[in-house]
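As structure tokens, the structure follows; a few thoughts come after it.
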Amino acid sequence: MKLTRNQLISPFGLKLEVTNYGATITRLQVPDRNGILTDVVVGLPHVEDYLSETYKNYNFCLGATIGRYAGRISKGGFSLGDQFFELSHTDSVQLHGGENALNQQLWTVDAVEEGAFPFIQFSLKSKAGDNGFPGNLNLIAKYQLENNILKIMYSATTDAPTVINLTNHAYFNLDGQGSTCGNELFVNAAKYLELDERLVPTGSLLDVKDTPFDYTEKTELHFKGHYGMDTPFVLNHGEIKASLYAQRSGIQMNVMTNQPAVVLFTPHDFGNLMVRNKENFQEFPAICFECQNFPDAPNQPNFPSALLLPGETYYNEIKYQFEVK
Ligand code: GAL
């Protein structure tokens, strides 16, 4: 497997590194309040490390492009009309598109542009029947730096009706060290999805008010009332969908997206996986803002549709904007 390694640099000072393996963000550096570059995304030390068995087994999907369906699909598959499509699954649940999904494929580098708004574009064809999903899919993942913004654009077309839900799985630590505990978090969501013990949505939308998931006002990220979050939030209107501020570096990140939900995932640690700077991390070292449709939407008629038809284009846009305070 030939892994690529590309770097994009914006005039503002953002430095992004990506690889074709899973169209993955391997590193993102952002100037802190003193102008010193801070590694804000968790990655592995060398690009070859992404091919290791240990990394695959942990399935953290660090910075990777997730699909064909981000999050969980229950019932061992889904129906379109009267046809049932069985997906590869474990105990009737498929996570993140199953094994050897988009995050483990070698994408093609279509274009790399330097200049004021540098970008890289990857593409991938996913065959009909891939892990059970219908439709030959043409996928594009484009990463662009616009001054202080990292803009991610995922698009897809199909030749047969299918379902789709892509996202990026970057783990952020805006201090580049320590814990995210105590960072200031804002989530523009009055509701979150109730999950069952398999982490599959029950179909109910619950109020965040009076729960540990109420971040409608900037609040210190805490791990009281739950052992870390793995929680889909239903996004309200408004440009900024979430933000995170780290006191030590002074870096604030604003999250913007056209998607209806964000899954916040806060692992307790990275186990024995040798991530970069591992020795400098503490418990709850990072947080993912996975902008996407609702998990299990193909089996939940009251969730936003995940259907993609021939002639339509799926488009998911995520912006991570960086400021210092
Ligand atoms: C999250 C998912 C978690 C965990 C993680 C790493 O999106 O909800 O349960 O699997 O990805 O793969």
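Numbering of ligands and ligand atoms starts at 1, following listing order. All values below were derived from every heavy atom in this structure, side-chain atoms included, with hydrogens, water molecules and symmetry-related copies excluded.
Within the structure, the closest approach of Tyr58 to ligand 1 does not fall below 4.0 Å when heavy atoms are considered.
Near His96, meaning under 4.0 Å from any of its heavy atoms, are these atoms of ligand 1: 1 (C), 2 (C), 7 (O), 11 (O), 12 (O). The atoms of ligand 1 that sit less than 4.0 Å from any heavy atom of Tyr171 are 6 (C). Heavy-atom proximity to Arg72, at under 4.0 Å, picks out these atoms of ligand 1: 2 (C), 3 (C), 8 (O), 9 (O), 10 (O). Set against the non-hydrogen atoms of Glu290, the atoms of ligand 1 under 4.0 Å away are 1 (C), 7 (O).
For the residue pair Glu283 / Ser179, no side-chain donor-acceptor distance below 3.5 Å is found, with atom types taken as modelled. If you check the side chains of Thr65 and Tyr143, you find a donor sitting under 3.5 Å from an acceptor.
Counting only heavy atoms of the protein, atom 3 (C) of ligand 1 lies nearest to Asp230 OD2, 3.0 Å. In this structure, the protein non-hydrogen atom closest to atom 10 (O) of ligand 1 is Leu95 CD2, 3.4 Å. Counting protein heavy atoms only, atom 5 (C) of ligand 1 is closest to Phe265 CE2, 3.4 Å. For atom 12 (O) of ligand 1, the nearest non-hydrogen atom of the protein is Asn59 O, 2.6 Å.
Lys142 forms no cation-pi arrangement with Tyr154, by the criterion of a distance under 6.0 Å to the ring centre and an angle within 45° of the ring axis. Within the cation-pi definition used here (under 6.0 Å to the ring centroid, within 45° of the axis), Lys218 does not qualify as a partner of Phe186.
Residue Asn57 qualifies as enclosed at atom CG: its count of foreign heavy atoms under 6.0 Å is above 12.
Ring centroids of His169 and Phe289 are separated by 6.0 Å or more, keeping the two rings apart.
Arg276 places a side-chain N or O within donor-acceptor distance of the main-chain N or O of Thr26, the cut-off being under 3.5 Å.
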